[in-house]
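Sequence lines set the chain letters: A, B, ... in the order given, protein chains first and strands last, and positions in each chain run from 1.
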Amino acid sequence: MSTPTEVAATEITYRDAIRTALAAELRADPAVVFLGEDIGGAGGSFKTSEGLLEEFGPDRVIDTPISENGFVGAALGMAVTGMRPVVEIMFVDFLPSAGDAMINEIPKFRFMSGGQATVPLVIRAIGGATGHFGTQHSATGESWFQQMPGLLVATAGSPASAYGLLRAAIRCNDPVLLIEHKGMFARKELVDLDAPLPEVGKAAILRSGGDVTIVATLLMVERALQAADMLAAEGIEAEVIDLRWVAPLDIATIRESILRTDRLVIAEEQVHAGGWGATLISLLAQEGLPENSIPRAVSMPNYPIAFSPPLEDAAVPSADRIAEAARAVVRE
Amino acid sequence: MVQSPQPGQPDQRAWFRSMLVIRAFEDTVQQLFMQGLVVGTTHLCQGQEAVPVGAIGAMGADDYLTITYRGHGHALARGVDPEAAFAEMMGRETGLCKGRGGSMHFTDFSRGLIGAFAIVGAGLPVALGAAMSAKLRGTKQVALTFFGDGATNIGSFHEALNMASVWKAPVVFVCENNLYGEYSPLRSTTPVDDIAVRAASYAMPGIVVDGNDVQAVHEQTAAAIARARAGEGPTLLECKTYRYSGHSRTDPGKYRKPGELDAWKARDPIIRLGEMLAAEGIMSSDEQEALRQTVQGEIESAVARATAAPWPALEGIGRYVYAD
Ligand SMILES: Cc1ncc(C[n+]2csc(CCOP(=O)(O)OP(=O)(O)O)c2C)c(N)n1
Ligand SMILES: [Mg+2]
């Protein structure tokens, strides 16, 4: 195939997608600054910012001390005085150390001031299991902040998503928490670097199908697509949606899909209680959807993530488990 | 009428007026609270007026500041209209933040007042960020951040001072040491008498100043601002002072040592400046009394207008959550 779009597309990794998006925005707007621990000289703990210090210098690529609440709060101060800071949180698990800034300050800032300021600020946090990093370095945290009106929460489920969502988040005038999955940094795909930026708050339908809707984020997107391949071999057509935004939830896209499939499976790398999956099911249930089936969620079990590789592997939803849930909901 | 001072220049008559405004404002808030016209909670600053007036008087018009829940005095010292301040405390649409913030969140971007924080210590990193933003944009603005003695025990304080020093940020940390954090005396929570010594860990100057002497506060703040503006980095300024009212609401302050309140009232910042102005022939005591009454009248009419102001319309409840 040779449509012009695909000619322009480049095969890049998830890691490169992030670095390329950061570089593009740093280049495009002098108000953009990037700060975090070991992001400059070291190029980031996950090498998502290699070369940025060299290109943009220490005024715009700022290494911080280990002071999460302090530098996230400082980013807020920058954001309300004319800059567009991007902050890296090395592991999602460190976000609670910035809890006050994340919960009390950033989301409420514009509101409390009666609309005097906007807060164009991005917090990139690297999360997710499968790397055998142990209990305190493996959370996705994707739903921790869904209860904060004023804060947008995005998840990067593919290299193209990572690239587009990061650029869109930096251009957004509201604060955005963007979760990246450390198990996906080496994933490659064709990414059109010049494509229009994705719409804020919009989920992406990655595969169409009429039998069951599978909604997923982060690594679960890839596993849901694998599950859809297995299901297709059995004659079940799954529609796979990358939710992309935990806040706001794109209920319209999901509803429209459920109205066609009448079946819903959630695939989430988090415990179910209090997460976006539970919220989606609740919102749809209040509309009487799905009408003729019971939704299912494939989630993390209700215990901390273990280090031991077989224990970790067993806890994270697999493509098999997602496919099994889809079969069950189709069969009933 | 007293003319407003040139930003950054000492102007004792303006300081005197500004302190009178704050005192009358806070006394009135206390009465309104007792009458149920101001609800929720309030944190008053009678007795501490010399700190906001002296320090903010040393700021330039474009400089930034962050304040706390005990921030009415700072907002007024920065020129916020008492009517907008009262209306904010009463939750009215004409309030400084359209009634969305309330007593603890006086914010006025038009005056560089970029936030009032009800979480202890939260304003320090934000001021640091504003200072860094000014530095990166090359504007020569500085940021001041006000906080209490109790706030020097939370991580944000230490994180902000450390980063400010490492980055040579143009920020001045102004600690109002009023000897208590809520109901706890300083030494029951803090192993030092002088907060200023904490600056040593962060390789910045730590300066103790008489926080009831507006002239002294002004001079030390001006010096710290000059350092910051010259690119020489942050300063920790500790202003020793005392609050006359309780911590908040109806706290009677039973934890005070006997005689302590009276001893501090004998060093009242307004009386001290008034005596100096009279002695130096700058403003007679008659003139001072006349000014006090003028200010009282202004405050009363501000209250009347704020009380008559409309509540926010319920349709607007979801506004200002996201950018337009
Ligand atoms: C993080 C946090 N912990 C506790 C409180 C409750 N609280 C409000 S004011 C205060 C005392 C603060 O004392 P200090 O910093 O000395 O300021 P002051 O009130 O004396 O001006 C406390 C404990 C809070 N608002 N935020
Ligand atoms: Mg105190």
Inset, instruction - For the residue pair A:Leu178 and A:Leu165, establish whether any side-chain heavy-atom pair is separated by less than 4.5 Å. - result: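 Result yes, sub-4.5 Å side-chain heavy-atom pair found.
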Inset, instruction - Could you check if a side-chain atom of A:Thr155 sits within less than 4.5 angstrom of a side-chain atom of A:Leu243, using non-hydrogen atoms only? - result: no
[X] versus chain B, the contacting section by heavy-atom distance below 4.5 Å:
X	value
A:Leu152	side chain
A:Ser97	neither
A:Asn69	both

If you tally heavy-atom pairs under 4.5 Å against chain B, which of [options] wins?
options	value
A:Met78, A:Glu105, A:Arg110	A:Arg110
A:Leu35, A:Thr118, A:Asn104, A:Val119	A:Asn104
A:Gly115, A:Gly150, A:Pro85, A:Gly82	A:Gly150
A:Val72, A:Thr81, A:Val80	A:Thr81

In terms of heavy-atom proximity below 4.5 Å to chain A, should [X] be classed as side chain, backbone, both, or neither?
X	answer
B:Phe117	side chain
B:Phe106	neither
B:Ala127	neither
B:Val166	neither
B:Ile114	both

Between [X] and [Y], does the ring centroid distance fall short of 6.0 Å?
X	Y	result
B:Phe25	B:Phe86	yes
A:Phe109	B:Tyr320	no
A:Phe91	A:Phe133	yes

Identify which of [options] forms the greatest number of heavy-atom pairs closer than 4.5 Å to chain A.
options	answer
B:Leu128, B:Asn162, B:Leu136	B:Leu136
B:His158, B:Gln141, B:His105	B:His105
B:Ala130, B:Gly101, B:Gly316	B:Ala130
B:Arg319, B:Arg137, B:Lys135	B:Arg137

Legend entry - A:Leu283 atom CG, over 12 foreign heavy atoms within 6.0 Å: yes
Legend entry - Within 6.0 angstrom of A:Gln147 CD, more than 12 heavy atoms from elsewhere: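 No - once you tally the heavy atoms of other residues, nucleotides and ligands closer than 6.0 Å, there are 12 at most.
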Inset, instruction - Take B:Asp63 and B:Arg229 through the test salt bridge (charged side-chain N to carboxylate O under 4.0 Å, His left out) and record every step on the way to the result. - result: CA-CA 10 Å; B:Asp63 291 336; B:Arg229 233 190 276 289; 2.8 Å; yes
Inset, instruction - Mind listing the closest non-hydrogen atom pair of B:Thr107 and A:Ser113 along with its distance? - result: CG2-CB, 4.0 Å
Inset, instruction - Enter the distance from B:Met89:CE to B:Met104:CE here, rounded to the nearest 0.5 Å. - result: 12.5 Å
